Participant: 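Take this structure first; my questions come after.
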Amino acid sequence: MRRRLARLGKRIGNDIVLSGGAGILIGLFAIREGYSYGIGSASRMAPGYFPAIVGGFMILLGIALILIGLYREQHSRLALPALRSILTVLLAMAAFGLLIESAGLVPATVAMTLISSTAEPGRRLVPTLLLAAALTVFAVSVFVLGLNLPITVIRWPF
Amino acid sequence: MEMINHLALGFEVALSMQALFYCFVGVSLGMFIGVLPGIGPLATISMLLPITYYLPASVALIMLAGIYYGAQYGGSIASILLNLPGTASASVICLDGYPMAKEGRAGVAIFLTTLASFVGSMIAIFILAVFAPPLSRLALNFGAADYFSMMVVGLVAAATLAHGSALKGLVMVCLGLLLSLVGIDLNTGIERFTFGSLRLWDGFSVMAIAMGLFGVAEVVMNTGRKSDRDGTVAMKITWRSLLPTLNDLLTSIRPILRGAGVGTVFGILPGTGVSIAAFVAYALEKRVARDPKRFGAGAVEGVTAPEAANNATAQSAFIPTLTLGIPGDAVMALMLGAMILHGIEPGPQVVSSHPDLFWGLVVSFWIGNLILVLLNLPLIGIWVRILTIPYRYLYPAVLLFICIGIYSVNNNVFDVFLVMAFGVLGVGMRVLRLEPAPLLLGFILGTMLEENLRRALILSGGDFDIFVIRPISAGFLVLVVLLVLLMVRTAFKERKAW
């Protein structure tokens, strides 16, 4: 039983079948939402008409992909990214987003640089700090001074 | 021939000291802005519009135009070096330009892009000079059904761009179409797919999608691996490595010609042409190439043809703007605004009543591209040196560009989170080997596709025949069928194509 499941997993866990599956799910979602906006008729298209058509198309494509994926013999392995990268990059960008309005460009840049640098193993403290400083200077000079964008550089009592 | 007189007049206008100076300013500004992802030509042109009040009309337009295609060029550089398309149409350049950079041929790629844009714009000028009147008349004949079918051709072509399976490409196109529908439906005022969020009323911004799918995903996929990235690019930068080989140049000739042709034709068609041209040019190259496998892995044609198309499009998109008063995109609309500010009424009479303006502008494109070539030859070395920065220092800078770039568009933190979300989507797509470029085109064309479908069906009273009855539309649909048949045939020929 376990072996059967494992083989099934292998047949399904390849990029083609999964893409097809994703296509079908998204297509179903589009059709459902489309219906809630109303379909109307060809001569009087309602807001849901186009999403429904596209959704339907996606479902067909998804089915085709799944069939092809199941039929194919050889599958290449999925190229998964490092978990560390995903988390640090997202965290870094979130930090930027949260800090830029409450604390200003300088803290946001520094925080983002420091956090994102942890994505790559083997970093050293001093170069990272220098990088943060350099990027901050660059950001302030090009975007605020050079292009006159209305971004707060630093907001003191944070 | 009359043409010579026109061009002579154009040169006279474009070669004045003032025109040359402002052309130079526009082109350089545009290029540097184009390299910085997020801040596009639109923002730059709007910021500089007030300065042009004090300039004569032709000089003002020359400078603004310079910003436009300078930014296009800068966007290509960012695509090649960082896989971060500066403008939406530059995303096609990422497909082969970035692999070329990874192979150590970034300098070659940039050089070829410079060459392609220069030649592309020259060809566009010649085609325009001869064919402008009949082409504009052709454009006037385009009805809603024709636009619809043309866009379908563009989308199917984009689906075949995918390095792997075209079916997956079509799924991506559809997803792009759906994403473009998010927001308030302009026809009925109903919110679609917004789930109650006020911020989504205007839909997603194309920059957020492009930067998330290309930029963020790239950073995530490249970091954290115990890999080779740090060491590879420490090669010697010699003049030799920056210049293309003779083989490269020879293989580029026909793609540039084809790309320029495609670009000129699509640029004339108001509205959609500008975005589609690069995709169609790429798909065409892939179709006519002897071994299409090379595409997506650093094929020279994959860089030169779209770049030539982009430039030719930028050049010829001015035609409908100036002569019909119909701007092709937001940037053209700004140009129209600039014209009106200077008291010039756009319309078919512009060419005859303000020949100096029209031909001066046309010639300035050529001069501007020449300036780009001269400006960039020494700069190529510097651009390529950027790649020798160890990746661990480069990628935080890329993230910074992305964050500031998207934040600065609307001063809205929500946009940053949006890019994050698309970054996650982008990573998922990489894992599943789904291409982002078709999605981008689907997104750009989605609302226009729906609008034209609606109009066509209203005009025909709900009858789908209209798409086959109208000759232009039928022609495009035949093209679609041919493309699909070709796709199926190649898929069967090599079972591994999926």
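Please read all numbers here as calculations on a predicted model, not as lab measurements. In what follows, chains carry the letters A, B, and so on, assigned in the order in which the sequence lines appear, proteins first and then strands, with residues in each chain numbered from 1.
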Participant: Considering only NZ, NE, NH1 and NH2 on the basic side and carboxylate oxygens on the acidic side, decide whether B/R192 and B/E450 come within less than 4.0 Å.
Facilitator: yes
Participant: In this structure, are over 12 heavy atoms from other groups packed under 6.0 Å from A/F57 atom CZ?
Facilitator: no
Participant: Please determine, among B/L175, B/I458, B/D463, the option with the most heavy-atom pairs under 4.5 Å with chain A.
Facilitator: B/L175
Participant: Given a strict heavy-atom distance threshold of 4.5 Å, which part of B/L399 is in contact with chain A: side chain, backbone, both, or neither?
Facilitator: both
Participant: If you take the centroid of each ring, where Trp contributes its six-membered ring, are A/F138 and B/F401 closer together than 6.0 Å?
Facilitator: yes
Participant: Do the ring planes of B/F467 and B/F148 sit parallel (below 30°), tilted (30 to 60°) or perpendicular (above 60°)?
Facilitator: tilted
Participant: Could you check whether B/R199 pairs with B/D415 (Lys NZ or Arg NE/NH1/NH2 to Asp/Glu carboxylate O, under 4.0 Å)?
Facilitator: no
Participant: Does any heavy atom of chain B fall under 4.5 Å from the side chain of A/A108, the backbone, both, or neither of them?
Facilitator: neither
Participant: Could you tell me which portion of A/I86 (side chain, backbone, both or neither) has an atom closer than 4.5 angstrom to a non-hydrogen atom of chain B?
Facilitator: both
Participant: Given a strict heavy-atom distance threshold of 4.5 Å, which part of B/V173 is in contact with chain A: side chain, backbone, both, or neither?
Facilitator: neither
Participant: Shorter than 4.5 Å, heavy atoms on both sides: which option in B/V171, B/L400, B/L434 has the most such pairs with chain A?
Facilitator: B/L400
Participant: Side chain, backbone, both or neither: which part of B/D185 has a non-hydrogen atom closer than 4.5 Å to chain A?
Facilitator: side chain
Participant: Hey, which of A/P47, A/S116, A/G23, A/G97 has the most heavy atom pairs under 4.5 Å with chain B?
Facilitator: A/P47
Participant: Could you look at A/M112 and say if it's the side chain, the backbone, both or neither that has a heavy atom under 4.5 Å from chain B?
Facilitator: side chain
Participant: Would a 4.5 Å heavy-atom cut-off, applied to side chains only, mark B/E191 and B/W201 as touching?
Facilitator: yes
Participant: Determine the interplanar angle of the B/F193 and A/Y37 rings, folded into 0 to 90°, and report it as parallel if under 30°, tilted if 30 to 60°, perpendicular if over 60°.
Facilitator: perpendicular
Participant: Between B/K168 and A/I16, is there a side-chain heavy-atom distance shorter than 4.5 Å?
Facilitator: yes
Participant: For A/L105, which atoms come within 4.5 Å of any heavy atom of chain B: side chain, backbone, both, or neither?
Facilitator: side chain
Participant: Using non-hydrogen atoms and a 4.5 Å limit, figure out which bit of B/Y407 sits close to chain A: side chain, backbone, both or neither.
Facilitator: side chain
Participant: Is there a side-chain contact between A/L28 and A/R32 (heavy atoms, below 4.5 Å)?
Facilitator: no
Participant: Give the member of A/L18, A/L98, A/L90 that has the highest number of heavy-atom pairs under 4.5 Å with chain B.
Facilitator: A/L90
Participant: Name the region of B/V431, side chain, backbone, both or neither, that has any atom closer than 4.5 Å to a heavy atom of chain A.
Facilitator: both
